[in-house]
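Numbering starts at 1 and runs along the sequence shown. All values below were derived from every heavy atom in this structure, side-chain atoms included, with hydrogens, water molecules and symmetry-related copies excluded.
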Amino acid sequence: MLDDFETAEIQTGETNIFVRRSGSGSPILLLHGFPQTHLMWRDVAPLLARHFSVVCADLRGYGHSGCPASTTNHAPYAKRAMARDMVAVMEQLGFPRFSVAGHDRGGRVAYRMALDHPDQVESLAVLDVIPTEEAWSRADARLAGAFWPWSLLSQPEPLPERLILGAPDAIVQNALSGWGSSDTIFDDEVRAAYIEALSDPAHVHAICEEYRAAATLDIEHDVSDRSSGRRIGCPILALWSSAGGLNSWYSDEGGPLEIWKSWADNVNGGPVDGGHFFPEEYPNETATALRNFFADST
């Protein structure tokens, strides 16, 4: 579980971010999704650390990172704020310019970082996501049924907080077994870590605030960028689950790749084996795809 990686808590000025790091060479930042922590990269990160300086971080509000107080408009948990954290973390670690890969929620932080901090982000990999506004504008019964956190966790407090805290084990089990990946890939230690991350009231509230921000401010920020013609300038690798909704929901529009191409000029990628949690299901294949992309674009 990344025991060979050095651990640190980085003060960003807004909160503290927990990281693990290892390796040498060009810097790569890895960001996790829900209901995970940085441990989702436990098998991918050591493979990448043979070639790069790898940093695995817990997003604010998740894992061992801090939970700054929120506001009525959820701004402290918008992806813009979470992206600022990571730029500050990488700068303090000695990496003023770096590449980033983000899965699920981490992918949303990653592409926001590339938009807001183009001088810092050298290349971007987004795993099993399309931009937040694009997802919400196409939302239908398929999204609501398949990825219930979008609608449930964005509800006003305290309902989602109480539901999660009442049965964090059921939340984790539903996600790990219901989003296309085989739940046999998650051993007891990993499951326990993910359940523990959803057992603390402060972190659960922060996670719900992040989903509330995704349903409000994150959409506003995306719409503003599209209206102004702001685009992602760095190379993008978009990967998504061949067994998941992204592979079929947007087929009439050319799939996720075409959607990402409306946001950037240099986009490549495609579907990969496995379900939503393919980095944990197929770590060797994921690491190879990321290694080849980052080696070519750094």
Side-chain angles (χ1 to χ4, degrees), residues 12 17 25-33 48 51-55 57 59 75 78-138 213-214 217-240 246 250 253-272 286 289-298:
T12 68
I17 299 296
S26 299
I28 309 294
L29 172 65
L30 302 178
L31 300 177
H32 65 86
L48 292 178
H51 309 276
F52 307 98
S53 294
V54 176
V55 178
L59 299 170
K79 305 306 175 293
R80 175 159 286 165
M82 300 173 91
R84 285 197 304 269
D85 286 338
M86 297 306 158
V87 170
V89 163
M90 294 301 280
E91 184 172 4
Q92 289 193 45
L93 291 175
F95 306 126
R97 186 166 171 81
F98 55 92
S99 296
V100 56
H103 174 257
D104 188 78
R105 315 310 288 178
R108 305 186 185 288
V109 176
Y111 86 79
R112 173 49 52 192
M113 198 185 317
L115 284 163
D116 288 357
H117 305 275
D119 292 338
Q120 281 70 46
V121 178
E122 189 164 13
S123 54
L124 165 68
V126 285
L127 280 57
D128 220 35
V129 295
I130 60 172
T132 303
E133 187 276 332
E134 303 279 8
W136 274 116
S137 67
R138 294 165 172 79
L217 271 182
D218 290 346
I219 296 175
E220 293 177 19
H221 295 158
D222 281 2
V223 169
S224 176
D225 287 335
R226 294 301 296 271
S227 298
S228 66
R230 192 181 189 193
R231 294 169 64 78
I232 297 172
C234 69
I236 296 179
L237 175 69
L239 302 175
W240 61 90
L246 269 68
Y250 313 117
E253 304 170 67
L257 204 61
E258 291 304 312
I259 292 174
W260 279 109
K261 285 180 179 178
S262 70
W263 284 77
D265 296 325
N266 187 352
V267 184
N268 291 285
V272 297
T286 301
L290 293 177
R291 183 185 71 238
N292 291 340
F293 169 66
F294 289 133
D296 290 341
S297 58
T298 56

Query - Any donor-acceptor N/O pair, Arg97 side chain to Asp119 backbone, under 3.5 Å - result: yes
Requested in this report: Just do the side-chain contact (heavy atoms from CB on, under 4.5 Å) check on Val55 and Leu93 with the steps written out, would you?
Outcome: CA-CA 9 Å; Val55 178; Leu93 291 175; 3.9 Å; yes
Query raised in the report: Less than 4.5 Å apart, any side-chain heavy atom of Asp218 and any of Trp136?
Result: no
**Report entry** Beyond-backbone contact of Ile259 with Pro131, side-chain heavy atoms, under 4.5 angstrom
**Finding:** yes
**Report entry** Pair Asp265 + Arg231, salt bridge at N-O below 4.0 Å
**Finding:** yes
Query - Close side-chain approach of Tyr111 to Thr132, heavy-atom, < 4.5 Å - result: yes
Report summary line: dist Leu29:CG -> Met86:CE (nearest 0.5 Å) comes out at 6.5 Å
Query raised in the report: Minimum heavy-atom separation for Gly269 to Leu239, with atom names?
Result: CA-CD2, 4.4 Å
Query raised in the report: Does Gln92 CD have over 12 foreign heavy atoms under 6.0 Å away?
Result: yes
Query raised in the report: Yes or no on salt bridge (charged side-chain N to carboxylate O under 4.0 Å, His left out) for Glu134 and Arg226, after CA distance, side-chain angles and deciding distance?
Result: CA-CA 11 Å; Glu134 303 279 8; Arg226 294 301 296 271; 2.5 Å; yes
**Report entry** Test item: Leu217 and Glu220 side chains (from C-beta on) under 4.5 Å apart, heavy atoms
**Finding:** yes
Query raised in the report: Heavy atoms, side chains only, cut-off 4.5 Å: are Asn268 and Ile236 in contact?
Result: no
Query raised in the report: Which heavy atom of Leu237 sits nearest a heavy atom of Ala289, and at what distance?
Result: CD2-O, 3.9 Å
Report task. Evaluate the side-chain proximity of Thr286 to Leu127: yes if any heavy-atom separation is below 4.5 Å, no if none is. Result -> yes
Query raised in the report: Roughly how far, to the nearest 0.5 Å, is the OG atom of Ser123 from the CG atom of Leu290?
Result: 10.0 Å
Report summary line: By side chain to side chain contact (heavy atoms under 4.5 Å, CB included), Val129 pairs with (sequence neighbours left out) Arg108, Val126, Trp260
Report summary line: Here the gap from Asp116 atom CG to Asp225 atom CG, rounded to the nearest 0.5 Å, amounts to 7.0 Å
Requested in this report: Take Arg84 and Met113 through the side-chain contact (heavy atoms from CB on, under 4.5 Å) test and state the conclusion after the steps.
Outcome: CA-CA 7 Å; Arg84 285 197 304 269; Met113 198 185 317; over 6 Å; no
Report task. Measure the CD1-CG distance between Ile130 and Leu246 for me, rounded to the nearest 0.5 Å. Result -> 6.0 Å
Query raised in the report: Could you walk me through whether His221 and Glu133 pass the side-chain contact (heavy atoms from CB on, under 4.5 Å) check?
Result: CA-CA 9 Å; His221 295 158; Glu133 187 276 332; over 6 Å; no
Requested in this report: Give the C-alpha distance, both sets of side-chain angles, the deciding distance and a yes or no for side-chain contact (heavy atoms from CB on, under 4.5 Å) between Leu31 and His103.
Outcome: CA-CA 6 Å; Leu31 300 177; His103 174 257; over 6 Å; no
Query raised in the report: Does the side chain of Phe294 come within less than 4.5 Å of His51's, by heavy atoms?
Result: no
Requested in this report: Identify the two heavy atoms, one from Ser297 and one from Glu122, that lie closest to each other, and give their separation to 0.1 Å.
Outcome: O-CG, 4.0 Å
Query raised in the report: Measuring from Arg230:CZ to Ser224:OG, what's the distance to the nearest 0.5 Å?
Result: 7.5 Å
**Report entry** Smallest separation among heavy atoms of Ala114 and Cys234, with atom names
**Finding:** CB-SG, 4.3 Å
Query raised in the report: Any side-chain heavy-atom pair from Pro27 and Met90 closer than 4.5 angstrom?
Result: yes
Query raised in the report: To the nearest 0.5 Å, what is the distance between CZ (Phe98) and CD (Gln120)?
Result: 7.0 Å
Report summary line: Tightest non-hydrogen contact, residues Trp263 and Leu115, listed as CZ3-CD1, 3.9 Å
